[in-house]
Amino acid sequence: MRIGSKLAFTEHHRFCVYRGFALSPLDQRMLALIYQPMTGGAASSLYQLLYHQVDEGYSGYSPMDAQRRLFLGLGLDPSESGRRELMRCASVLEALGLLTTCRLFLPGQEEVVYEYELHAPLSPAEFFRSQHLSMLLRDKVGKYGVVALQETLLRREPDELAQHELQRENISMPFYELFRLSAAVDAELEQALEESAPLRQPPTPVAQPGAGIEYGDILYRFPRGSLNRPFVERMRGDKDALAQLNYIAYKYELGPADLCRLLDEEDAFDRRGGIQTDALQLKAAQLHRQDRKREEERRAAGSRLQEEADAELPEQGVQAEHYLPVPSQLTGRCDIQQYNMLMRNEPHTRFLKRFFPGAVPDWIERQFERIDLHYRLPAPVINVLVHYVFGMKGSARVTKTFIEAVASNMLVQQVDEFEKAVLYVRSQTELERSKEAAEAAGAAKPAGRAAAGARSAGGYRRGAGQPRKPVLPVVGDDAAPEPEISDEELEEMRKLARKLDGR
């Protein structure tokens with residue numbers, strides 16, 4: 001119970017109690033043996049006091065009364081300490097799922113009314129399957145106390161049955177096979193039942209992602225002779241199970257028929273009737289992948305039919321100003337007019353095969369199929385793209401990245417006609433040529449600077465109309481042989497050498 005101000009919860013405020021059940025002897029034992037050790041005596045007394053505000057044998061609302069009745073029934077002083085104790089007891093019951101407290105604001109009045117909605121205690125099987133409740137009870141009474149309490153509340157299966165793995169066959173008679181209703185819907189009866197029932201505003205449901213499949217949609221489509229039919233019928237009031245199924249259907253885009261098909265599988269439920277969420281999600285994912293594959297096949301078939309329909313359309317001519325040159329792969333097989341007519345009117349699948357002597361590689365076929373199905377480029381534009389990629393020089397173009405980049409650029413520039421695609425290819429070609437020229441000019445500048453340095457180092461020989469070049473000695477085969485030395489000259493050279501040596 002969350003109360004902001006102490007004066008917002010006093011003995012002067014009015015209250016009412018709502019309950020839609022009656023306590024059975026088993027429920028009374030659960031409250032006394034299981035819940036009371038966790039709640040304490042005061043909170044247990046508050047639960048009993050609120051329960052008896054509605055007369056025994058009835059369900060619905062109690063009369064409006066002041067909360068002073070609760071203070072007196074529990075022996076609490078109508079003071080700050082008494083209010084704090086009542087709030088603590090209510091909070092304990094709320095945390096254990098036995099009570100829901102709501103604050104009602106009456107229209108046109110400043111008065112606040114408190115509504116206490118009681119909930120029935122869990123059955124022994126449900127309680128001991130809840131881990132957090134079992135752990136809390138263990139903290140209160142101990143581990144052996146929990147085991148003893150479970151044995152006092154549950155009766156085991158006979159040993160003769162428990163020691164065998166039995167095969168169960170459900171032979172129960174369902175309602176629709178035994179009874180036949182005279183009318184499907186009785187509007188007067190439904191209106192009378194709604195008018196006589198206690199008016200109660202249902203809580204606002206929390207918005208959760210789901211496929212919006214109702215329980216009736218599943219039960220209506222589920223086969224009656226299925227072994228899982230009893231488990232599906234047991235899901236009538238299980239909101240959690242229905243929410244799980246809706247989330248799986250929402251996650252994998254399944255309809256009611258697909259969901260019923262999954263629930264009819266052998267491992268959709270466990271032995272107790274619980275949903276096998278992991279197995280359902282695995283099969284739902286497989287079904288989703290199969291549906292996607294079939295959808296792609298249908299799109300491919302539709303694309304082929306569209307190509308066949310386009311082939312039956314009359315051919316469109318191409319002006320001479322929009323001609324593109326014939327690539328080297330098709331030289332000699334067609335002239336420039338025939339080539340441009342094929343590029344304008346032929347489907348891209350057939351036009352692509354003309355550039356390959358054998359089969360088209362799979363990745364190239366898939367890439368252009370993706371451009372056709374997802375980008376929705378017209379067939380003439382795709383053919384111009386094929387010409388730009390495969391029909392022009394440069395093997396670096398044949399990559400997925402380059403094809404994807406050109407197709408995306410065409411989409412951005414809204415190239416949706418053959419003439420626009422031709423102008424786009426020409427502009428891209430001029431841009432590439434300007435880049436190559438700029439790169440060539442940039443490479444020539446360092447060579448010029450190196451030649452200038454060489455000229456500053458040696459002599460030059462310049463002729464008319466010739467650039468300056470250094471004069472380098474050249475040795476050829478026709479060079480004149482050196483003259484022979486006579487004996488007199490050799491003797492004079494020896495004398496000169498001895499004189500220089502100081503001899």
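The structure presented is a predicted model; accordingly, all values stated were derived computationally and were not measured. Heavy atoms only: backbone and side chains are in, while hydrogens, waters and symmetry mates are out. The first residue in the sequence is number 1, and the count goes up from there.
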Engineer: Which atom pair, heavy atoms only, marks the closest approach of Leu118 to Phe21?
Structural biologist: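 So the two residues come closest at O-CE2, 3.3 Å.
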Engineer: Ion pair present between Asp291 and Arg294, side-chain N to carboxylate O less than 4.0 angstrom?
Structural biologist: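 Here Asp291 pairs with Arg294 in a salt bridge, since their nearest N and O are under 4.0 Å apart.
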Engineer: Verify whether one side chain among Gln67 and Tyr116 offers a donor that lies under 3.5 Å from an acceptor in the other.
Structural biologist: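 Yes, side-chain donor-acceptor contact under 3.5 Å.
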Engineer: Please give me the minimum heavy-atom distance between Pro256 and Ile213, naming the atom from each residue.
Structural biologist: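 The pair with the smallest heavy-atom distance is N-CD1, 4.0 Å.
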Engineer: Looking at Pro37 and Val141, what are the two nearest heavy atoms and their distance?
Structural biologist: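 Distance-wise, the nearest heavy atoms are CB-CG1, 4.0 Å.
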Engineer: Shortest non-hydrogen contact from Glu115 to Leu104?
Structural biologist: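 Where Glu115 meets Leu104 most closely, the heavy atoms are CB-CD1, 4.1 Å.
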Engineer: Of the non-hydrogen atoms in Met64 and Val113, which two are nearest, and what is the gap between them?
Structural biologist: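 The answer is CE-CG1, 3.3 Å.
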Engineer: Decide, yes or no, whether a salt bridge links Glu85 with Arg88 under the criterion of side-chain N to carboxylate O below 4.0 Å.
Structural biologist: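 Counted as a salt bridge, because a side-chain N and a carboxylate O are separated by less than 4.0 Å.
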Engineer: With a 4.5 Å limit on heavy-atom distance, are the side chains of Arg370 and Glu404 in contact?
Structural biologist: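 Heavy-atom side-chain distance check passes, below 4.5 Å.
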Engineer: Test of understanding: with side chain to side chain donor-acceptor pair (under 3.5 Å), list the residues that count as partners of Gln413, not counting sequence neighbours.
Structural biologist: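 Only Asn409 meet the side chain to side chain donor-acceptor pair (under 3.5 Å) criterion with Gln413.
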Engineer: Does atom CD of Gln290 have more than 12 heavy-atom neighbours, drawn from other residues, nucleotides or ligands, at distances under 6.0 Å?
Structural biologist: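 Atom CD in Gln290 is crowded, with more than 12 foreign heavy atoms closer than 6.0 Å.
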Engineer: Ignoring hydrogens and angles, state whether a donor on the side chain of Thr401 or Thr399 is under 3.5 Å from an acceptor on the partner side chain.
Structural biologist: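 No, because no side-chain N or O of Thr401 sits under 3.5 Å from a partner of the opposite role on Thr399.
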Engineer: Taking NZ, NE, NH1 and NH2 as the nitrogens, is one of them in Arg344 or Glu419 under 4.0 Å from a carboxylate oxygen of the other?
Structural biologist: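 Answer for the salt bridge query: yes.
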